[in-house]
Amino acid sequence: MKRRNLLKGIGLGSLGMVGLSPQVKASEILNPLEGLEEKKKDPAFEQFGRTDYETARDAKLFAEQFFTKHEMKTISVLADIIIPRDSRSGSATDAGVPEFIEFMAKDKPELQTPLRGGIAWLDSQMKKRHEQDFISSTDVQRIAMVEDIAYPERKKSGMSQGIAFFSLMRNLTASGFWSSKIGIEDIGYQGNTPNQWDGPPEDVIKQYGL
Amino acid sequence: MSDFQIKAAPTTYDVIIIGSGAGGGMAAYELTKAGAKVCMLEAGQHFDPADPKYITQLKWPYQSPRRGASTKYRPFGDFDAAYGGWDIDGEPYTTKDNTKFRWFRSRMLGGRTNHWGRISLRFGPQDFKRKSIDGLGEDWPIGYEDVAPFYDEIDRLIGVFGSNENLPNDPDSIFLPAPKPRLHEMMLLKHNKRLGITTIPSRLSILTKQINEERGSCFYCSQCGRACVAYADFSSSSCLCKPAQKTSNLDIVYYAMAREVLTDPQTGLANGVSYVDTLSMEEKTVRGKVVVLAASACESARLLLNSKSARFPEGLANSSGVVGKYLHDSTGASRGAIVPTLFDRKRYNEDGVGGMHVYSPWWLDNKKLDFPRGYHIEYWGGMGMPAYGFGWGIEGINGMFPDRNGNKHEAGGYGASLKDDYRRFYGAYIGMAGRGEAVAREDNYCEIDPEKVDKFGIPVLRFHYKWSDYERLQAKHMHDTFEQIIQEMGGIALGKKPGADADYGLAEPGEIIHEVGTIRMGNDPKKSALNKWQQAHDVKNLFVVDAAPFVSQGDKNCTWTILALSMRASRHIVEERKAGNL
């Protein structure tokens, strides 16, 4: 969309109208919202402004699969233990967190070994305890394991590698969940839309005594 | 269009400008308006933030598969409007003697002005005369009074909001209305007042009121770093290159990587630029009567050092030997905190403009301190849009606070109570960053690497850069101040306070992206490469209008001064052309 064409369509002549400040008139014509709605209809808008090399790289990453089915299932179970569904919003898997983690492992290859290795560590621990891997175990068995690796300050012996893995999973799960549509609604972020800023609401200013 | 002209007709332009950022854009704007036929070489691609194919503004994090995380191509995140970064394929740079320097480059129309923080600070009277004050570095050959009228013009032409405060070294300006502070900024205003830390409305080149028919006004999405569809923030591409093109006097050649400035062996005058077409890898030449370098401080120095000839064996305009030397970037150190009184905040849209609504200009007297130069503090915080990294590291935070019901809470965790922690802490984080002036030193420099070339065959830069105690002690002071502010606000500082072993948290040189000084100006041709008009002492039709001519950095960001000085130098070119001297 060329801005000039947009202006032509509306009529530049009206900018010189008698009795109106040219700036007032211009601001009406140059209403960013109006231009934006038109821009949004352009198919290119959906591409979030990718350069050619970015589009090519993302397509390549999407075509690859890093995690095995077993690993993806383990990631899903862990993600939903970390962020479960509650009365206010859905779970991590509802928000697409496992798919996000799969993509990030390809996008940031330094995540690959900690994640793959962490899952293998977890399965090995579970096999020692219950003779089966993490996802084949019962809910009670899984939670008992998670209790051992979810609290960094407990420093339970032999668990430090598992704690590091679980912290990474917690952080990736939070990133993926809260930046999803479900997460943004839950957290109550209200921006990313044209508006007029006029300071915090009165009751908030009062609440904080400012 | 421009390509055709160069191939088909051996046009000699009035002026060739290398680079389209703040300095190059302003030169193009001024010179084309004055009727000069100008050719601008841009190493990267076209960019227009209002063209849907480039728009990242108002996109949601989930439109990016990496939720806005950074990549090599977008070091400031997937929606940031800078094409390029610290590391560009096929365009390496090196460092020397185990020193460090990070070099950020944008390869696009408008250069780095597309994503910057829009912090638009005038230098003050003291910033041009530091040597007279503290005996270090060098004075500029000009003073505030020489630049002030151009600052005024830039304020009117481009627009900057702020407030007149009558401060000694942070001059009042022609300001648009400043946006009201956000909640955490109101708290900072209150507490910093008690601490005696001057805190005032920020000064950003964002249009809180419309100033002309070409640009809309801000609609408060906080995303200036993504470039604005309404052109409500300043970028060289939207506000300078575009109007310059409308004069029909400007040809922009994209994908043109300048190799060297060509000179006439008889007269020693610049008569053109050779460049590589980065798409075809063909070597091309453009001819001009005046050459203006605006490729960025380090890239312009590289060009001069690579422009060697029998007449200029040390590189062009370098009989003084200063080209590449006195490189200095702003210092940087930062700290984050969490403020428990902000837990469970009421939700509302507090995006505001892109960046802070208040900041602290340097408020102390260095004569009473153990370091010679000042810094300003930038602040952040609030209920921003979640993206990659949201809630990262909560295991280091949630153990410090009892849960909603007052029960003891273990760090880390999982499940419903963890999910609730993220909600409680949202909008309770604040942060602050010092940006200070480093002392320019001869032994901080960039030079031509004797061995390496880039993929175009152009010899690359090698950096040598060390901080001194001037900068380290300044960073220490920053961190002491941050803790004071955080404590006064009732916040809890996050992470560890960096000590002497970590240079007090000083950012690596180059990371603040305010590098200046590599082709400095001065009255003495033995100690400077340019005169007070940014004209080469050795080559009268060669000018430099980026941040390379800066003699010192100031505790300010450099863009507003680049713009004012480029306007001033461009007017001088026009006058000299009229007088027949060029």
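Everything numeric here is computed off the predicted structure, so don't read it as measured data. The analysis underlying the following values was restricted to heavy atoms, covering all of them including side chains, and did not include hydrogens, waters or symmetry mates. Labels below follow one simple rule: chain letters A, B, ... track the order of the sequence lines, proteins then strands, and each chain is numbered from 1.
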(message) Check for me whether A:R57 meets the cation-pi criterion with B:Y73, that is, NZ or CZ under 6.0 Å from the six-membered ring centre and within 45 degrees of the ring axis.
(response) no
(message) Is A:S89 in contact with chain B via its backbone, its side chain, both, or neither, using a 4.5 Å heavy-atom distance?
(response) both
(message) Can you confirm whether B:K180 sits close enough to A:W197 that some side-chain heavy atom of one is under 4.5 Å from a side-chain heavy atom of the other?
(response) yes
(request) Would you mind telling me which of B:R74, B:R226, B:R345 has the largest number of heavy-atom pairs within less than 4.5 Å of chain A? (result) B:R74
(message) Is A:I163 in contact with chain B via its backbone, its side chain, both, or neither, using a 4.5 Å heavy-atom distance?
(response) neither
(request) Considering only NZ, NE, NH1 and NH2 on the basic side and carboxylate oxygens on the acidic side, decide whether B:K72 and A:D107 come within less than 4.0 Å. (result) no
(message) Measuring only between side-chain heavy atoms, which start at C-beta, is B:S70 closer than 4.5 Å to A:K108?
(response) yes
(request) Can you tell which part of A:A95 gets under 4.5 Å to a heavy atom of chain B, answering side chain, backbone, both or neither? (result) backbone
(message) So which atom in A:N171 and which in B:G391 form the shortest heavy-atom distance, rounded to 0.1 Å?
(response) OD1-O, 3.7 Å
(message) Looking only at the side chains, is there a donor atom on one of B:E395 and A:Y151 sitting less than 3.5 Å from an acceptor on the other?
(response) no
(message) Is there a side-chain contact between A:L210 and B:L183 in this structure, where contact means two heavy atoms from C-beta onward sitting under 4.5 Å apart?
(response) yes
(request) Identify which of B:G396, B:G389, B:C221, B:P61 forms the greatest number of heavy-atom pairs closer than 4.5 Å to chain A. (result) B:P61
(message) So if I apply the ring-ring contact (aromatic ring centres under 6.0 Å, His included) rule between A:W178 and each of B:Y426, B:Y62, B:Y422, which one comes out positive?
(response) B:Y422
(request) Tell me whether the guanidinium CZ or amine NZ of B:K190 lies under 6.0 angstrom from the six-membered ring centre of A:Y208 and within 45° of its axis. (result) no
(message) Let me confirm one number: the NZ-CD distance from B:K346 to A:Q207, rounded to the nearest 0.5 Å.
(response) 8.5 Å
(message) At a heavy-atom distance under 4.5 Å, which candidate from B:G352, B:P179, B:G393 has the highest pair count against chain A?
(response) B:G393
(message) For A:F103, is there any backbone N or O sitting under 3.5 Å from a side-chain donor or acceptor partner on B:R66?
(response) no
(request) Please lay out, stage by stage, how A:D198 and B:Y220 fare under the test side chain to side chain donor-acceptor pair (under 3.5 Å). (result) CA-CA 10 Å; A:D198 194 31; B:Y220 303 97; over 6 Å; no
(request) Evaluate the side-chain proximity of A:Y53 to B:D89: yes if any heavy-atom separation is below 4.5 Å, no if none is. (result) no
(message) Counting only non-hydrogen atoms closer than 4.5 Å, does A:L61 touch chain B with its backbone (N, CA, C, O), its side chain (CB onward), both, or neither?
(response) side chain
